[in-house]
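Remarks on the structure that follows.
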Amino acid sequence: MKKQANELVKILKETYPDAKCSLDFKTPFEMVVAVMLSAQCTDERVNKTTPSIFSKYSTPEDFARIDIKELEELIHPCGFYKNKAKNIKACAQMIVEKFGGQVPKTMEELVSLPGVGRKSANVVMLEAFGDAQGIAVDTHCKRIANKMGLSNEKEPEKIEQDLLKIFEKKDYKDINHLLIWHGRNICIARNPKCEECKVKEMCVEWKKNK
C-alpha cells in the first residue's frame with residue numbers, strides 16, 4: 001500500500017505541478033476566516049467575497065468587535081452565513097482573549113477555536129505556518145481515498161488516520177492539494193473522466209467496473 005501511495009503522489013505531482021491552496025489570504029487570521037467560509041462553499045466564491053471584507057476588517061480585534069448582523073451580511077454569499085458569522089466572531093474573540101490576538105500555531109489550540117475542526121486546522125497549519133501536521137480530508141480527498149482503496153472509512157478523521165499510516169510525512173503537505181486538483185479535473189463526483197485518469201490502474205472502483 002505504501003508503494004502504491006508513493007507512486008500515486010509521483011504521478012499526481014507530474015500531472016498537477018502547480019497544485020496549491022486556492023484560497024486567497026495575507027495573514028494567518030485571514031486564512032482562518034477563509035477556511036471557515038469555505039465550508040460547503042467553493043473557494044472561488046470565497047475569494048470573490050473576502051477582498052471587500054478584508055479591506056475593512058482583517059484582524060482578530062476587528063472581527064471581535066464587528067456587529068454580528070453586519071458580518072452576516074458581508075459573508076452572506078458564502079452560505080450558512082448565520083452559523084459562520086457566529087463562529088467567526090466567537091473565534092476572533094477567543095484569539096484576542098486567550099491567545100493575545102495571535103492565531104495559535106498548534107493543532108490542539110487551533111481545534112479549540114469555535115468553528116475550527118481538524119480539517120480546517122490542518123489547512124491553517126500548512127498554509128499559514130508551513131507546518132503540515134496531518135492531511136486535510138475534504139470531499140475530494142474522501143471520495144478519492146475510498147475509490148482508490150486507501151481507506152474504507154467514511155468519517156474524515158478516520159480516513160485521515162488511514163492516510164497518515166500510508167503516505168510518507170514529507171508528502172503530507174502535497175496530498176490534499178493533489179487530491180483536490182485531481183477531484184476537480186478528473187475524478188469528478190458525478191461524472192468522473194476515468195478514461196483520462198492517469199492513476200486509474202490503482203483505482204479499486206475502476207477495476208471493479210471495467
**OP:** Write out all pairs satisfying side chain to side chain donor-acceptor pair (under 3.5 Å) with one or both partners inside residues 182-195, taking only residues at least two apart or from two chains.
**Re:** Tyr16-His182, Ser22-Arg184, Asp43-Arg184
**OP:** Output the distance between atom CG (Leu71) and atom OH (Tyr57), rounded to the nearest 0.5 Å.
**Re:** 9.0 Å
Original post:
Are more than 12 heavy atoms from other residues, nucleotides or ligands located less than 6.0 Å from atom CD of Gln102?
Top reply: no
**OP:** Measure up the Phe54 and Phe63 rings against each other and bin them: parallel (under 30°), tilted (30 to 60°), perpendicular (over 60°).
**Re:** perpendicular
Original post:
Can we say Lys10 and Glu14 salt-bridge, meaning some charged N sits less than 4.0 Å from an Asp/Glu carboxylate O?
Top reply: yes
Original post:
Under 6.0 Å from the NZ atom of Lys3, do we count more than 12 heavy atoms belonging to anything else shown?
Top reply: no
**OP:** Mind jotting down which residue pairs meet the ring-ring contact (aromatic ring centres under 6.0 Å, His included) criterion with at least one end in residues 127-175? Sequence neighbours excluded, please.
**Re:** none
Original post:
When clusters are formed by joining ILVMFWY residues with side-chain heavy atoms under 4.5 Å apart, either directly or through shared neighbours, do Met148 and Ile188 land in the same one?
Top reply: no
Original post:
Do the side chain of Asn152 and the main chain of Asn146 share a donor and acceptor less than 3.5 angstrom apart?
Top reply: no
Original post:
Hey, is Lys105 close enough to Glu109 for a salt bridge, meaning N to O under 4.0 Å?
Top reply: no
Subject >> Matching residue for Arg118 among Glu108, Glu160, Glu155 - test: salt bridge (Lys or Arg N to Asp or Glu O under 4.0 Å) >> reply: Glu160
Subject >> Flag, side chain of Asp171 to backbone of Asp174, donor-acceptor distance under 3.5 Å >> reply: no
**OP:** Taking Lys20 for its side chain and His177 for its backbone only, find out whether a donor-acceptor pair lies under 3.5 Å.
**Re:** no
Donor-acceptor contacts, no H, no angles, side chain residues 24-32, under 3.5 Å, sequence neighbours left out:
residue, atom, partner, partner atom, Å
Thr27, OG1, Glu30, N, 3.1
Glu30, OE1, Lys26, N, 2.9

Original post:
Is there a donor-acceptor contact under 3.5 Å from the side chain of Lys84 to the main chain of Leu37?
Top reply: yes
Original post:
Any sub-3.5 Å donor-acceptor pair from Lys207's side-chain atoms to Glu201's backbone N or O?
Top reply: yes
Original post:
Counting only N and O atoms by type, is there a donor-acceptor contact under 3.5 Å from the side chain of Lys89 to the main-chain atoms of Ile66?
Top reply: yes
Original post:
Sub-3.5 Å donor-acceptor pair from the side chain of Glu72 to the main-chain atoms of Tyr81, do we have one?
Top reply: no
